[in-house]
Colleague: 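Pasting a structure below so you can have a look.
Convention: sequence-line order gives letters A, B, ...; per-chain numbering from 1.
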Amino acid sequence: MKKNAPASTPSVPGDSRYSFFEDVWAVARLIPKGRVTNYGAIAKYLGTGLSARMVGWAMNACDKVKPKVPAHRVVNRNGMLSGKMHFSPPEAMQQRLEKEGIRIENDKVVDFKGKFWDPAIELS
DNA sequence: TAACTGACTCGGC
DNA sequence: AGCCGAGCCAGTT
């Protein structure tokens, strides 16, 4: 039997256990097809610019979240698919990006700056 | 229970 | 111009 309120309780908006993980996933899902963003932009949009690491960590758990989160559209500030090695298979990230019109070269997003999608601006 | 790591980023040297 | 250290939050060992 489960405890009263385990930390693993599904977070929902309005709940005190609502962690910014949910926000990260929400923002990630808002990323338009053919666009990419970086961890810092999301973190900053959430008000925790220094927590860019956690954004990546949230992506690690994105696979267990529903609906699926387009974590492949989130890359580091260099436009490099730093998290592709965490995909399964790793090449899936690049494959999906290319499928959406994003061109990848040497594990880096081509014209990253031009395809960059900043939630702080687009959602402002 | 405490400590470390981790899909990051920025500032300083 | 490149390298190093510090900060953040949560999950894992």
Colleague: I need the CG-C1' distance between A:L46 and C:dA10, as an integer number of Å.
Modeller: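 A:L46 atom CG is separated from C:dA10 atom C1' by 15 Å.
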
Colleague: Would you call A:I104 and A:V109 a side-chain contact if the rule is heavy atoms closer than 4.5 Å?
Modeller: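 In short, these two side chains touch, coming nearer than 4.5 Å.
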
Colleague: Given atom CZ of A:F21 and atom C1' of C:dG11, what is their separation to the nearest angstrom?
Modeller: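 A:F21 atom CZ is separated from C:dG11 atom C1' by 8 Å.
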
Colleague: What string of B, S and - do you get for nucleotides 8-13 of chain B, 5' to 3', when a contact is any protein heavy atom under 4.0 Å?
Modeller: BSS---

Colleague: Separation of A:K64 atom NZ from C:dA10 atom P, in whole Å?
Modeller: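 From A:K64 NZ to C:dA10 P: 14 Å.
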
Colleague: Starting from C1' on C:dC8, measure out to NZ on A:K44 and report it in whole angstrom.
Modeller: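 Distance check: A:K44 NZ to C:dC8 C1' gives 16 Å.
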
Colleague: Do side-chain atoms of A:R29 reach the backbone of A:W25 as a donor and acceptor pair under 3.5 angstrom?
Modeller: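 Judged by distance alone, yes, a pair lies under 3.5 Å.
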
Colleague: How close or far is atom P of C:dA10 from atom CH2 of A:W57, stated in whole angstroms?
Modeller: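 Distance, rounded to whole Å: 13 Å.
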
Colleague: For residues A:S51 and A:A43, report the shortest heavy-atom separation together with the two atoms involved.
Modeller: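 Looking at all heavy atoms of both residues, the closest pair is C-CB, 4.0 Å.
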
Colleague: Without swapping roles, check the side chain of A:D118 against the backbone of A:A120 for a donor-acceptor pair under 3.5 Å.
Modeller: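 Answer holds: yes.
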
Colleague: With the threshold set at 4.0 Å, does a side-chain nitrogen-carboxylate oxygen contact exist between A:R73 and A:E100?
Modeller: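 Answer for the salt bridge query: yes.
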
Colleague: In whole angstrom, give the distance that lies between atom CD of A:E22 and atom P of C:dA10.
Modeller: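 After rounding, the reported distance stands at 12 Å.
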
Colleague: For a 4.5 angstrom cut-off between non-hydrogen side-chain atoms, does A:P89 reach A:F87?
Modeller: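 SC-SC contact between A:P89 and A:F87 ruled out.
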
Colleague: Expressed in angstrom and rounded to an integer, what is the separation of A:L97 atom CG from B:dA7 atom P?
Modeller: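 It is 18 Å, rounded to the nearest whole Å.
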
